[in-house]
Amino acid sequence: MKEQSSLQKVVSRMKEKGMDLAVLTNASNIRYVSGFDMPANAGWMGDVSNGLPMAAAVVSAAEEEIFLVASDLYRNMVLRTGIMDGEFYRSFTHLEENDPDTNFAEALQKTLEKAGDGKEKPIVGIEPNDTTLAVAEQIKKVFPACSFENVSQIIKDSRYIKTLEDIRGLKEAARAADAAQIRLYEISKTEGDYTELDIWYEVQKAASLAVGCPVPFVGELVTGARTGLSDYPLGPTTRKVEKGDIAIMDISPKVNGYWGDCSNSVVFWKEPDEEQIRYFRAVRDAYEAGFDAIRPGVKFNEVNRIMEEQYKKHGLTFCSYQGHQIGCNVNEKPRFTYVDDSVLEENMVVCIEPQMYTGKAGKTGVRLERMLHVTGNGAVELNRFPWGLDMGIG
């Protein structure tokens with residue numbers, strides 16, 4: 001059986017629910033159905049667009065097609081995606097008076113009429129947490145007798161099991177994350193003069209060079225005794241890295257609309273001390289137990305409990321949730337918690353991130369995380385970077 005594309009999965013579920021159209025403004029959902037990775041609208045582009053959606057995707061169940069409305073500031077980006085028939089609204093011009101609100105309304109109305117296929121009382125799916133009043137009003141102008149339904153669950157269900165395209169995208173994001181973590185590892189082995197921010201710039205550069213484009217980056221880099229405080233995020237700051245410092249780096253790079261997410265702990269320019277070794281061993285053992293437990297049919301909370309047992313063997317107390325699924329968002333459901341009894345399925349992509357902290361009583365924290373593709377035979381790691389304290393530690 002041929003695999004469905006992302007759009008086909010969404011359309012199929014819309015038809016099952018009797019939904020005629022869906023209007024999407026959430027950036028990750030737009031990326032999922034259209035392939036267009038909408039940049040953040042912070043800065044002058046968002047300002048001159050008057051807070052309007054910089055892009056909206058209208059999905060037609062009958063046509064099995066997507067129609068895109070976007071600011072003309074994104075015209076060339078949309079065309080490079082391969083979407084040739086988008087409707088663009090004028091956000092800004094310095095040559096004449098311009099009303100972006102009216103322009104957006106006209107572009108969205110035109111698109112809705114095209115996608116509506118002559119229906120007078122369509123059922124229109126919207127995202128309740130994302131759909132603005134401006135969007136809802138335009139839908140009602142075009143379809144006064146329409147009814148609204150929540151399309152968010154349809155999109156979540158479609159994104160739950162990853163397509164081959166999703167997995168390829170996540171592998172590329174993992175490659176960027178690997179480059180960053182490998183650069184951190186290299187720095188930890190060759191003594192130098194660094195602040196946390198200096199290292200952050202180095203790992204960002206490495207991630208961007210690995211995939212050949214600037215990589216948006218979020219996460220944490222914290223060094224020294226502050227690693228013992230589970231108070232994300234604590235860095236990077238201008239703190240100078242010192243010999244013997246332990247560090248946690250948890251990074252999430254975004255590549256073409258897909259997110260990576262991985263964590264590592266290193267010790268700078270010195271052999272780890274007893275406390276650092278003890279915490280690393282406990283977290284590494286929890287990771288390995290979780291990795292071995294991941295396979296189709298196993299519940300997320302069951303993996304969580306299996307990982308927790310490893311902390312007990314090291315005389316430590318469980319302190320945090322231990323992972324999540326990943327895709328066009330960094331932290332997707334299901335999650336490895338006590339309460340999530342969702343079942344692992346083939347072609348999920350998950351992250352397990354066991355972690356342990358001394359708190360104020362000590363000066364050590366360790367967090368280890370890699371991305372895993374769930375296959376019929378178990379988990380396959382998408383990351384290749386080495387654990388920072390693994391060399392020579394049994």
Side-chain angles (χ1 to χ4, degrees), residues 162 166-186 188 203 206-207 210-211 215 217-221 227 232 246-255 258-266 279-296 298 300 303-304 306-308 310-311 320-337 344-356 365-375 377-391 393:
K162 307 309 177 190
D166 294 333
I167 293 167
R168 283 193 294 267
L170 288 163
K171 285 181 177 178
E172 190 71 352
R175 193 160 69 87
D178 278 346
Q181 292 288 5
I182 288 169
R183 184 66 187 124
L184 172 70
Y185 183 83
E186 291 170 347
S188 76
V203 300
V211 296
V215 174
F217 218 98
V218 296
E220 172 183 60
L221 172 64
T227 62
Y232 176 97
I246 194 169
I248 293 173
M249 188 168 80
D250 189 337
I251 53 171
S252 298
K254 185 185 181 189
V255 180
Y258 290 95
W259 287 90
D261 193 14
C262 60
S263 305
N264 201 6
S265 295
V266 301
Y279 275 71
F280 171 77
R281 283 176 172 162
V283 176
R284 181 198 57 191
D285 289 354
Y287 175 89
E288 291 178 352
F291 175 85
D292 290 341
I294 288 176
R295 60 186 182 278
V298 178
F300 276 72
V303 175
N304 190 67
I306 289 169
M307 294 169 72
E308 181 186 10
Q310 296 302 314
Y311 300 129
S320 176
Y321 96 121
Q322 299 189 99
H324 52 88
Q325 191 168 203
I326 190 168
C328 291
N329 287 97
V330 177
N331 197 307
E332 297 181 349
K333 290 182 177 180
R335 300 187 177 111
F336 294 98
T337 69
L344 284 155
E345 298 183 48
E346 189 171 356
N347 286 332
M348 284 183 162
V349 177
V350 299
C351 301
I352 52 173
E353 50 178 321
Q355 51 201 285
M356 188 58 61
V366 173
R367 189 184 311 142
L368 303 176
E369 177 183 20
R370 286 176 179 154
M371 299 164 63
L372 309 175
H373 175 202
V374 182
T375 74
N377 297 317
V380 174
E381 291 181 322
L382 299 187
N383 294 108
R384 298 288 182 265
F385 66 89
W387 295 139
L389 281 74
D390 221 1
M391 306 303 289
I393 296 178

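In this structure, C351 and M371 have side chains that are in contact, with non-hydrogen atoms separated by less than 4.5 Å. No side-chain heavy atom of V349 sits under 4.5 Å from any side-chain heavy atom of D166. Residues W259 and P253 form no side-chain contact, since every pair of their non-hydrogen atoms from C-beta on lies 4.5 Å or further apart.
Residue V203 forms a side-chain contact (heavy atoms from CB on, under 4.5 Å) with just one option from E186, M249, Q181, and that option is M249.
Although no hydrogens or angles enter the test, the distance criterion places no donor-acceptor pair under 3.5 Å between the side chain of S252 and the main chain of G219. Between the side chain of N383 and the main chain of R370, no donor-acceptor pair closer than 3.5 Å is present. Of the possible polar contacts, one joining the N264 side chain to the P386 backbone as a donor-acceptor pair under 3.5 Å is found. Without hydrogens or angle criteria, R295 side chain to A293 main chain gives a donor-acceptor distance under 3.5 Å. Under the 3.5 Å distance criterion, the side-chain polar atoms of Q310 are left unmatched by any main-chain donor or acceptor of A282. Put simply, the side chain of H324 never gets that close to the backbone of E353: no donor and acceptor are under 3.5 Å apart. In this structure, D250 contributes its side chain and E220 its backbone to no donor-acceptor pair below 3.5 Å.
Scanning all heavy atoms of the two residues, the minimum distance from K162 to G327 falls at NZ-CA, 4.1 Å. Summarising the geometry of A286 relative to M307, their closest heavy-atom pair is O-CG, 3.4 Å, with the distance given to 0.1 Å. For A176 against V211, the heavy-atom pair with the smallest separation is CB-CG1, 4.0 Å. The two atoms that bring A180 and I251 nearest to each other are CB-CD1, 3.4 Å, heavy atoms only. Minimum heavy-atom separation, F217 to A207: CE1-CB, 3.7 Å. Listed here is the closest heavy atom pair of S265 and G365: OG-O, 4.1 Å.
A cation-pi geometry, defined here as NZ or CZ lying under 6.0 Å from the six-membered ring centre and within 45° of its normal, does not hold between R183 and F385.
In this structure, CG in L389 is found 5.5 Å from CD1 in I246, a value given to the nearest 0.5 Å. Atom CZ of R168 and atom CD of E172 lie 11.5 Å apart (nearest 0.5 Å). The CD atom of E332 sits 11.0 Å away from atom CG of D261, with the distance rounded to the nearest 0.5 Å. For the atom pair L382 CG and R384 CZ, the distance stands at 7.5 Å (nearest 0.5 Å). Remark: Q355 CD to T227 OG1 distance equals 12.5 Å, nearest 0.5 Å. Atoms CG and NZ, on D178 and K171 in that order, are 12.5 Å from each other to the nearest 0.5 Å.
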Next item on the list: Go through the steps for L344 and V350 under the test side chain to side chain contact (heavy atoms under 4.5 Å, CB included), then give the verdict.
Entry: CA-CA 9 Å; L344 284 155; V350 299; 4.2 Å; yes
Next item on the list: Could you please spell out the steps behind the side chain to side chain contact (heavy atoms under 4.5 Å, CB included) verdict for F300 and T337?
Entry: CA-CA 7 Å; F300 276 72; T337 69; over 6 Å; no
Checklist line | Steps toward side chain to side chain contact (heavy atoms under 4.5 Å, CB included) verdict (Y232, R367) | finding: CA-CA 12 Å; Y232 176 97; R367 189 184 311 142; 4.0 Å; yes
Note to self: As a quick check of understanding, evaluate side chain to side chain contact (heavy atoms under 4.5 Å, CB included) for W387 and V283, giving each step before the final call.
What the structure shows: CA-CA 11 Å; W387 295 139; V283 176; over 6 Å; no
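For K254, the salt bridge (charged side-chain N to carboxylate O under 4.0 Å, His left out) test picks out D37, with sequence neighbours left out.
In this structure, a donor-acceptor pair under 3.5 Å is absent between the side chains of Y287 and E369.
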